Number of protein chains: 2
Amino acid sequence: MTGTPIRVVLADDERMVRTALRVILDAEPDVEVAGEASTGAEAVSVVREVRPDVVLMDVRMPEIDGIRATEQILATMERPPRIVVVTTFENDAYVYDALRVGAAGFVLKRSAADELVSAVRLVARSDSLLYPAAVRGLAAEHARRRPAAPPWAARLTDREADVLRLMATGLANAEIAGRLGVGPATVKTHVAAVLAKTGARDRTQAVIAAYESGFITPG
Amino acid sequence: MTGTPIRVVLADDERMVRTALRVILDAEPDVEVAGEASTGAEAVSVVREVRPDVVLMDVRMPEIDGIRATEQILATMERPPRIVVVTTFENDAYVYDALRVGAAGFVLKRSAADELVSAVRLVARSDSLLYPAAVRGLAAEHARRRPAAPPWAARLTDREADVLRLMATGLANAEIAGRLGVGPATVKTHVAAVLAKTGARDRTQAVIAAYESGFITPG
DNA sequence: AACCGCCTCCGCCGTGCGGGGGAGAGCTGT
DNA sequence: ACAGCTCTCCCCCGCACGGCGGAGGCGGTT
């Protein structure tokens with residue numbers, strides 16, 4: 001626990017917010033504020049320079065907003081820091097964009113001090129805890145709301161279509177079986193039927209066919 | 001801090017996992033394991049009975065899976081507990097469903113002990129920290145939009161990107177090898193790297209990730 | 001009744017796949 | 001000179017996958 005402290009960079013256009021955050025974080029022995037930035041562009045350069053563990057990034061900032069700054073940092077650095085987006089409103093539309101470009105999480109400005117500190121510690125030393133990369137695919141996931149009638153769709157039975165949809169979410173046969181409440185052998189039968197009817201050689205080709213034909217759609 | 005302990009219910013079909021979780025949590029003075037369940041149906045009834053603060057819910061369970069158990073608990077209780085989904089794979093498709101039905105978060109089984117404890121404490125006493133209720137509106141509200149650059153695309157090497165593209169056309173390893181003019185063993189190495197970096201369990205999940213992230217597009 | 005499509009499940013079996021190592025060559029930046 | 005990354009290739013191993021054939025039940029159609 002008493003190793004090197006968690007190095008944090010604060011990016012917010014309001015000085016008051018920055019100092020508030022700094023006061024909170026400086027009170028913690030294992031956290032060190034390594035830099036500050038007041039614009040998105042500044043944030044990018046400061047982060048590149050000091051190479052922190054965590055960045056607290058405001059969404060609304062002049063020149064470049066927090067989203068694009070996040071995007072640039074994650075895209076251009078080889079070992080990028082974990083970026084926590086700081087926002088005022090829970091339903092801020094920016095939040096969704098932040099998640100999509102790869103932010104590790106977000107905190108509300110009205111959060112209690114210890115919640116903020118918890119968040120920093122959490123993202124600093126866990127790359128797989130609450131809502132990781134998976135969330136970023138969520139938007140795409142739920143956009144699958146458009147049946148487009150592929151040529152072979154009519155030939156698939158209801159059950160086979162169910163199985164194909166679950167295959168296209170990356171599930172293994174045993175998992176599909178659990179989901180549908182049937183035995184693994186049954187799933188294998190349906191999978192075989194799907195492969196035959198779609199002309200696919202394996203489940204991967206079947207999933208590709210499902211995407212390409214519009215049977216299922218990405219975001 | 002020294003009020004009533006956080007009461008936790010463990011739901012997992014494997015006894016070993018349950019005891020492991022129990023050992024970890026019992027070591028914490030402010031956490032108390034109030035009950036265990038080995039099936040989804042049992043989880044629902046146990047949770048109703050002991051009324052815990054937090055439920056650690058496995059996704060894969062007999063009778064009723066963790067998703068439906070979560071759904072039932074949240075739907076039928078007036079003050080439902082916070083439910084943390086426990087999963088093995090970061091990209092487990094169940095995760096999306098878990099979020100949609102209202103899970104508070106999820107942890108990976110390979111997480112460190114203190115990460116688990118942090119997660120329990122976090123969800124127990126914060127309803128507005130990392131990824132709160134707002135995320136659940138994501139599926140409904142923020143259905144479409146462009147995924148932009150996937151966070152892992154930058155981390156793929158040129159060769160790995162080549163391999164992923166060929167994987168996404170349905171080619172087997174040997175075929176990719178022939179296409180790239182290298183040996184099959186080399187392709188296997190690249191495939192393994194792609195799986196690791198995308199968090200995919202097998203080539204099918206990797207291809208799905210490629211589609212969903214916009215790395216490749218249908219048509 | 002006879003037929004047929006669909007769903008459910010059971011074996012057996014070969015193999016491609018993915019995890020776990022390791023290793024050498026080349027190239028870059030310090 | 002050295003570390004670090006990438007690309008190349010090798011081994012062993014366990015297992016999920018997919019191909020094969022077979023079977024029973026159930027509901028429609030003829």
Side-chain angles (χ1 to χ4, degrees), chain A residues 48-49 51 76-80 128 152-210, chain B residues 60 62-63 88-94 108-110 152-210:
Chain A
R48 280 217 192 88
E49 197 182 319
R51 304 193 148 274
T76 60
M77 291 180 65
E78 51 280 87
R79 272 188 64 267
S128 58
W152 39 261
R155 304 176 51 203
L156 290 182
T157 67
D158 293 347
R159 214 49 167 168
E160 287 159 2
D162 292 339
V163 170
L164 178 53
R165 269 186 286 271
L166 291 174
M167 276 195 278
T169 68
L171 297 183
N173 287 339
E175 293 168 334
I176 296 174
R179 192 66 77 90
L180 293 179
V182 299
T186 303
V187 174
K188 290 188 71 173
T189 303
H190 292 316
V191 169
V194 168
L195 296 184
K197 290 181 179 178
T198 58
R201 180 175 47 181
D202 49 47
R203 64 200 303 104
T204 304
Q205 286 190 354
V207 169
I208 292 170
Chain B
R60 288 183 60 183
E63 295 183 63
T88 308
F89 304 103
E90 189 169 357
N91 269 32
D92 198 320
Y94 282 113
L108 297 179
K109 284 189 180 175
R110 63 166 167 274
W152 41 263
R155 317 203 57 169
L156 289 181
T157 67
D158 293 346
R159 215 49 167 168
E160 287 159 3
D162 292 339
V163 171
L164 178 53
R165 270 186 286 271
L166 291 174
M167 275 195 277
T169 67
L171 297 183
N173 288 339
E175 293 167 334
I176 296 175
R179 201 68 77 87
L180 292 179
V182 299
T186 303
V187 174
K188 289 189 69 173
T189 303
H190 292 317
V191 169
V194 169
L195 296 183
K197 290 181 179 178
T198 57
R201 179 177 28 165
D202 49 48
R203 64 200 303 107
T204 304
Q205 285 191 354
V207 169
I208 292 169

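Every chain is numbered from 1 and lettered A, B, ... according to where its sequence line falls, protein lines coming before strand lines. Note that this is a predicted model, so its numbers are computed, not measured.
- Contact between B:Val194 and B:Ala206 at its shortest, heavy atoms only, is CG1-CB, 4.4 Å.
- Under the 4.5 Å side-chain criterion, counting only non-hydrogen atoms from C-beta, B:Arg179 is not in contact with B:Val187.
- Taking the side-chain contact (heavy atoms from CB on, under 4.5 Å) definition, one finds that B:Ala193 meets it with B:Glu160, sequence neighbours left out.
- With contacts defined as side-chain heavy-atom distances shorter than 4.5 Å, the pair A:Val182/A:Arg159 qualifies.
- Within the helix from C:dA1-D:dT30 to C:dT30-D:dA1, the inter-axis angle between the opening and closing five-pair segments is 40°, rounded to 10°.
- Legend: residues meeting side chain to side chain donor-acceptor pair (under 3.5 Å) with B:Asp202, ordered by chain and number and at least two apart, are absent.
- When all heavy atoms of A:Ile208 and B:Thr169 are compared, the pair lying nearest together is CD1-C, 3.7 Å.
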Could you go through nucleotides 4-8 of chain D and list every protein N or O atom that sits under 3.5 Å from one of its N or O atoms, giving the distance for each pair?
from, atom 1, to, atom 2, distance (Å)
D:dC7, OP1, B:Arg159, N, 3.1
D:dC7, OP2, B:Thr157, OG1, 2.4
D:dT8, OP1, B:Arg159, NE, 3.4
D:dT8, OP1, B:Arg159, NH2, 3.2
D:dT8, OP2, B:Arg159, NE, 3.2
D:dT8, OP2, B:His190, NE2, 2.9

Nucleotide by nucleotide, 5' to 3', does protein get under 4.0 Å of the base (B), only the sugar-phosphate (S), or neither (-) in nucleotides 12-19 of chain C, counting heavy atoms?
-----SBS
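- The side-chain heavy atoms of A:Leu156 and A:Lys197, taken from C-beta on, include a pair separated by under 4.5 Å.
- Around CZ of A:Arg48, the count of heavy atoms belonging to other residues, nucleotides or ligands within 6.0 Å exceeds 12.
- Here B:Glu175 pairs with A:Arg201 under the salt bridge (Lys or Arg N to Asp or Glu O under 4.0 Å) rule; sequence neighbours left out.
- Between the CG atom of A:Leu156 and the C1' atom of C:dC7 there is a distance of 15 Å, given to the nearest Å.
- Of the possible polar contacts, one joining the A:Arg203 side chain to the A:Leu171 backbone as a donor-acceptor pair under 3.5 Å is found.
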